[in-house]
Amino acid sequence: MNGSISSAGRALRCAALVLAALAAGASFAAADPSKVLRLTFEVAESGFDPVRVSDNYSATVNEAIFERLLTYDYLARPAKLVPMVADAMPEVTDDGRTYTFKLRKGIYFTPDPAFKGAKRELVARDFVYSFMRFFDPANRAPYAFMLEGRIKGLDELAAAAKKTGRFDYDAKLPDLVAVDRHTLRITLARADNTFPFVVAHTSFGAVAREVIEAYPGETDAHPVGTGAYKLAEWKRASRIVLTANPDYRGFTWTFAGTPGDTRDAALIEAMKGKAMPRIGRVEISVIEEFQTQWLAFRNKQADLLNLPSAFRTEAFDADDRLVPALVNEKVSVYSFIAPEIVYAYFNFRDPVVGGFAREKVALRRAMILAYRIDDDIDVIRRRMAVRAQMPVPAGVVGHDPSYRTLNQYDPDLANRLLDRFGYQKGADGYRRLPDGKPLVIRFATQGTVVDREHNELWKKSLDAIGIRVEFAVAPFADNLKAAKACKAMVWESAWGADYPDGDNFMQLLYGPNTGQSNNGCYESKAFDAFYEKARALPDSPERNRLFLEMSRQMEVDGAWSLHLSRERRWLIRPWVRGFKRHPILHAEWQYMDMEPASGAAETR
């Protein structure tokens, strides 16, 4: 993915790449209420106010409700930015510091009582307001880091609001300006080639001020956007129903795909020229246990399934072919290695595992060296994963396929490290801290079957080097809250690409992002210096070298136990049309079609 996605900068300079697939003139009447897509989420959503959420599941729903200035071409690989509500790609001036967006006219919010019966057009001021919301301390915006330090005046407004308890949304900012009704001008503190990726991120979808102010404290439950779908029903942590937005402008399916890709050719043949969206209703069930997810798909109660690795042998035979039962049901498969990383991070503010003292670094490095990564991939993941060597995964700008981590599996070296730095074993075979106190690692976890498998693997790994581990089971949301408060000693997590650039992964380790995206609370002056240099550079060999420097620094410090990237295998029912998993987008149903329920009744 290295050369073409990096080119947000080159593409912006070369031409205005207009997304033909979002061209005006398509009829919304294409959405058919009898076309009902049924999906499952493996983790509960947290709400639908785009500025307040950070989980993938809430963001997937928001992606279909709220529109951004830019988005991604549905079929293009590597991922390619294209206009969404912007009329074209932005004009970039002032040596890459100033971005001017022209908004398309005639885009309207879904009707809501907050508008008092008026038809409410999307205007440039809505983006000014939406961006400002990230700096209102009351919102505790998890993605504020994507704007912090970038637009003069916003950080100052946040600081003032912390003192007064009130954020000034009427403040005039010279670097964030609605020039006129349909023109937005943003001037950055410094040139930044990743900024187009920021405005394409789901969190930066436009909201209307009237709606936010009409539902104080309840904005999570009242999403009102300009997108193709609207929230029709919501039962927390159980069921989400979306219906096609009757006020959406529609578009024509005209994506080109990748030349020579036979899957793209068949998809294009099935979809080209259709008025979109086609699917009238999306029903999402929150099912946390993989067994129940699998049964829902097998019983034709779900139309798509991101196959849990635990059920690989149920779906594929020893030769890795789809089993006859699924072949007979005409199920198809779409597989790819996700642009993501799965890792465990250590809390650098924790008195046991945190800090940069040599014995603390040795403890973390020993735990990393002891982790049985092959068992994770081969046994728990059923070989539906590949080893991650650096924080920037394959398919993302900055990834180097030749890079190899220093932290390879080596329990003998781990034991020698612990011996050398004073972690002696007691009579029970478990090690003690250098001061003689008991050494106990408290690992945050959830309660699913897969979590229990990982807990067993961690225990086996740490037992081999004499480290006692205890597991604190809590809901995902509670663990995330603890991590952001720097209170989780160790926790395993995953991060998928918000945008296809290495910055999106390295910012997880950037010190000033502690409490936001830096859940390990890692604050290394050396790493931060590399990161700040890289952030100021365009895609280049020098910037890629800095990504390698950052990778090596976090390894030496023992910031993460970096594990793997998962292979995603999507099982697709035959009545679904046009599905191709996107590396960044997740609400693909906006670009899909399916047979109506009546037409698929016998098959279902």
Side-chain angles (χ1 to χ4, degrees), residues 1 4-9 11-12 15-24 26 50-51 53 56 58-90 92 99 101-104 106-107 109 122 124 126-127 130-131 143 146 182 184 186 193-207 223 225-229 242 244-245 248-258 271 276-277 279 339 396 496-501 504 578-592:
M1 245 175 151
S4 18
I5 28 188
S6 70
S7 329
L12 296 175
L17 296 175
V18 181
L19 178 56
L22 296 180
V51 80
V53 304
N56 178 59
S58 301
T60 297
V61 174
N62 284 342
E63 187 181 303
I65 295 174
F66 299 97
E67 294 188 286
R68 289 81 64 203
L69 291 163
L70 306 178
T71 186
Y72 293 86
D73 183 290
Y74 179 51
L75 290 191
R77 305 291 188 275
K80 182 175 73 173
L81 285 168
V82 290
M84 194 171 199
V85 300
D87 193 46
M89 295 299 285
V92 184
Y99 289 77
F101 296 87
K102 293 285 187 179
L103 272 62
R104 294 176 57 191
I107 296 176
F109 284 96
L122 173 69
D126 293 318
F127 281 101
S130 297
F131 282 23
Y143 278 98
M146 294 179 79
H182 297 100
L184 176 70
I186 302 171
N193 287 317
T194 67
F195 188 68
F197 295 132
V198 172
V199 300
H201 188 268
T202 303
S203 294
F204 294 89
V207 300
T226 61
Y229 289 83
L242 300 171
N245 176 8
Y248 180 62
R249 61 197 176 278
F251 63 92
T252 302
W253 205 104
T254 56
F255 300 99
T258 305
M271 297 297 297
M276 304 300 291
I279 295 170
V396 172
D498 292 314
Y499 50 92
D501 188 273
N504 185 230
F579 175 80
K580 179 177 181 178
R581 189 62 173 174
H582 194 277
I584 309 298
L585 302 176
H586 299 293
E588 287 93 350
W589 62 80
Q590 301 174 87
Y591 309 98
M592 291 162 49

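When a residue number appears, it is its place in the shown sequence, counting from 1.
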Under the rule for side-chain hydrogen bond (donor to acceptor under 3.5 Å, both in side chains), what residues qualify as partners of Tyr229, not counting sequence neighbours? none
Which residues pass the side-chain hydrogen bond (donor to acceptor under 3.5 Å, both in side chains) test with Thr194, sequence neighbours left out? Arg150, Asp192
Output for pair (Arg68 CZ, Asn62 CG), nearest 0.5 Å, gives 9.5 Å
Quick check: do Tyr99 and Val199 have side-chain heavy atoms less than 4.5 Å from each other? no
List the atom of Leu122, the atom of Ala206, and the distance in Å for their closest heavy-atom pair. CD1-CB, 3.6 Å
Using ring pair (Phe, Tyr, Trp, His ring centres under 6.0 Å) as the criterion, list what pairs up with Phe579, not counting sequence neighbours. Trp570
Tell me, please, which residues at least two apart from Lys580 pass salt bridge (charged side-chain N to carboxylate O under 4.0 Å, His left out). Asp264
For Pro500 against Ala79, the heavy-atom pair lying closest together: CG-CB, 4.2 Å
Can you list everything that forms a ring pair (Phe, Tyr, Trp, His ring centres under 6.0 Å) with Phe204? Sequence neighbours excluded, please. Phe131, Phe134
With sequence neighbours excluded, what pairs up with Ala587 under the side-chain contact (heavy atoms from CB on, under 4.5 Å) test? Thr60, Glu63, Ala64, Trp589, Gln590
Closest heavy-atom pair, Met271 versus Tyr591, reported as atoms and distance to 0.1 Å, is CE-O, 3.4 Å
Can you check whether Ile65 reaches Leu242 side chain to side chain, under 4.5 Å on heavy atoms? yes
Looking only at heavy atoms, what is the nearest atom pair of His582 and Glu588, with distance? N-OE2, 3.0 Å
Taking Glu67 first and then Arg104, would you say they form a salt bridge - that is, a charged N and a carboxylate O separated by under 4.0 Å? no
Does the side chain of Val82 come within less than 4.5 Å of Thr71's, by heavy atoms? yes
Could you label the plane-to-plane angle of the Phe197 and Tyr499 rings as parallel, tilted or perpendicular, counting under 30° as parallel and over 60° as perpendicular? parallel
Of all the heavy-atom pairs spanning Ala59 and Thr202, show the shortest one and how long it is. O-CG2, 3.4 Å
Ala200 meets the side-chain contact (heavy atoms from CB on, under 4.5 Å) criterion, sequence neighbours left out, with Leu70, Tyr72, Leu81
Set of ring pair (Phe, Tyr, Trp, His ring centres under 6.0 Å) partners for Phe101, sequence neighbours left out: none
Go through the structure and list residues passing side-chain hydrogen bond (donor to acceptor under 3.5 Å, both in side chains) with Asp498, not counting sequence neighbours. Tyr143, His201, Asn504
Inter-residue atom distance Ile584.CD1 - Arg581.CZ, 0.5 Å rounding: 10.5 Å
Test of understanding: with ring pair (Phe, Tyr, Trp, His ring centres under 6.0 Å), list the residues that count as partners of Phe66, not counting sequence neighbours. none
Work out which heavy atom in Val207 is nearest to a heavy atom in Pro50; give both atom names and the distance. CG1-CG, 3.9 Å
Report the distance from atom CG of Asp73 to atom CG of Leu585, rounding to the nearest 0.5 Å. 9.5 Å
Measuring from Leu69:CG to Ile186:CD1, what's the distance to the nearest 0.5 Å? 6.5 Å
